[in-house]
Amino acid sequence: MEQENLIAGVSPGGFQDVYEVRILICYLLHSIAEPLSKEHLNEIFQSTNLVNYFVFSDALSQLLTEKQLSVFKIDADEYYRLNQSGIDTANLFRHHLPRSVRKKVVEIALKMLSKQKRDRENEVITEKLENGGYNITFVIHDIEFELMRFSLFVPDEVQVDVIKSQFLKSPTDFYTHVITYLTQTES
């Protein structure tokens with residue numbers, strides 16, 4: 001029985017061929033319709049163990065050289081988006097990739113983008129106090145407005161982490177509960 005050569009960091013069934021990784025990158029960028037940075041793409045592929053970093057880097061470089069991707073900057077970070085040639089690649093060759101792989105990378109990318117959006121719109125500021133406790137300030141932003149800002153005293157760092165985590169899970173639910181509570185009328 002012939003054994004498949006494994007590349008470090010790639011689980012069985014992962015991609016070792018640069019050509020396939022190029023298709024995967026094009027498919028992902030086309031499916032989510034959002035630009036991603038090299039770090040984002042790498043995080044998605046490394047978290048799934050589908051692609052070795054060096055194969056990924058080579059595939060990305062080839063896509064840029066062949067003008068299937070274009071680069072633009074947001075602040076100091078470089079992001080990639082598909083050109084028409086990359087869109088054509090995604091559409092023509094997506095069936096070369098297993099459906100489970102396509103679904104998996106898109107789900108991970110969408111979760112990552114959702115978390116980044118939530119982190120951008122919600123802020124948690126922690127200040128260590130002289131008495132050993134902490135003051136935590138929570139800020140919920142909308143596109144144009146600061147919807148809510150509140151602060152809380154917490155006695156230790158363990159509680160800071162728990163409260164911060166709970167808040168960031170669903171700031172919208174928290175905001176809704178506070179508004180509902182504050183607008184209840186007594187009967």
Does a sphere of radius 6.0 Å around CD in Glu66 hold more than 12 heavy atoms from other residues, nucleotides or ligands, not counting ones at 6.0 Å or beyond? yes

Residue from Lys169, Gln166, Met148 passing side chain to side chain contact (heavy atoms under 4.5 Å, CB included) with Phe174: Met148

Result for side chain to side chain contact (heavy atoms under 4.5 Å, CB included) between Lys104 and one of Val101, Ile108, Val106 points to Ile108

Note, Val55 side chain near Phe45 side chain (heavy atom, < 4.5 Å): no

Residue pair Leu60 / Lys38: nearest heavy atoms and the distance that separates them: CD2-CG, 3.7 Å

Out of curiosity, Met112 CE to Ile32 CD1, how far, rounded to the nearest 0.5 Å? 6.5 Å

Shared hydrophobic cluster, Leu182 / Val139 (ILVMFWY, side-chain heavy atoms < 4.5 Å): no

Are Asn131 and Phe153 close enough that some pair of their side-chain heavy atoms sits under 4.5 Å apart? yes

4.5 Å side-chain heavy-atom contact, Lys164 and Ile136: no

Do Val158 and Val160 belong to the same hydrophobic cluster, where Ile, Leu, Val, Met, Phe, Trp and Tyr are linked whenever their side-chain heavy atoms lie under 4.5 Å apart, directly or via other members? no

Same cluster or not: are Ile125 and Leu152 linked, directly or through other Ile, Leu, Val, Met, Phe, Trp or Tyr residues, by side-chain heavy atoms under 4.5 angstrom apart? no

Counting C-beta onward and ignoring hydrogens, is there a side-chain heavy-atom pair between Leu113 and Gln116 closer than 4.5 Å? yes

Using distance only, find each side-chain donor-acceptor pair of residues 67-79 under 3.5 Å and give its atom names and separation, not counting sequence neighbours.
| residue | atom | partner | partner atom | Å |
| --- | --- | --- | --- | --- |
| Gln68 | OE1 | Arg22 | NH2 | 3.0 |
| Gln68 | NE2 | Thr89 | OG1 | 2.6 |
| Ser70 | OG | Asn83 | OD1 | 3.1 |

Using 0.5 Å steps for rounding, measure from the CG atom of Asn42 to the NE2 atom of His40. 11.0 Å

Name the orientation class of the two ring planes belonging to Phe56 and Tyr53 (parallel below 30°, tilted from 30 to 60°, perpendicular beyond 60°). tilted

Other residues, nucleotides, ligands: >12 heavy atoms within 6.0 Å of Arg81 CZ: no

Examine Tyr19 and Val21 and state if one hydrophobic cluster contains both, with Ile, Leu, Val, Met, Phe, Trp and Tyr joined whenever side-chain heavy atoms are less than 4.5 Å apart. yes

Nearest-0.5 Å distance that lies between atom CD1 in Ile140 and atom OG1 in Thr172: 7.0 Å

Contact between Val124 and Thr137 at the side-chain level, heavy atoms closer than 4.5 Å - yes or no? no

Rounded to the nearest 0.5 Å, what's the gap from CG on Leu36 to CG on Leu41? Could you check? 5.0 Å

Who passes salt bridge (Lys or Arg N to Asp or Glu O under 4.0 Å) against Glu130, sequence neighbours left out? none

Within-4.5 Å side-chain heavy-atom neighbours: Leu63 and Tyr80: no

Hydrophobic clusters here meaning ILVMFWY residues chained together by side-chain heavy-atom distances under 4.5 Å, can you tell me if Leu129 and Ile163 are in one? no

With side chain to side chain contact (heavy atoms under 4.5 Å, CB included) as the test, pick out the partner of Val18 among Val51, Ile23, Asp58. Asp58

With Thr180, which residues qualify under side chain to side chain contact (heavy atoms under 4.5 Å, CB included), at least two apart? Thr176, Gln184

With no hydrogens and no angle check, is any side-chain donor or acceptor of Ser165 less than 3.5 Å from a backbone partner on Asp161? no

So, do Cys26 and Arg94 sit near enough that their side-chain heavy atoms are less than 4.5 Å apart? no

Should the heavy atoms of other residues, nucleotides or ligands under 6.0 Å from CZ of Phe150 be counted, would the total exceed 12? yes

Quick one: does any side-chain atom of Ser47 pair with a main-chain N or O of Glu43 as donor and acceptor, under 3.5 Å? yes

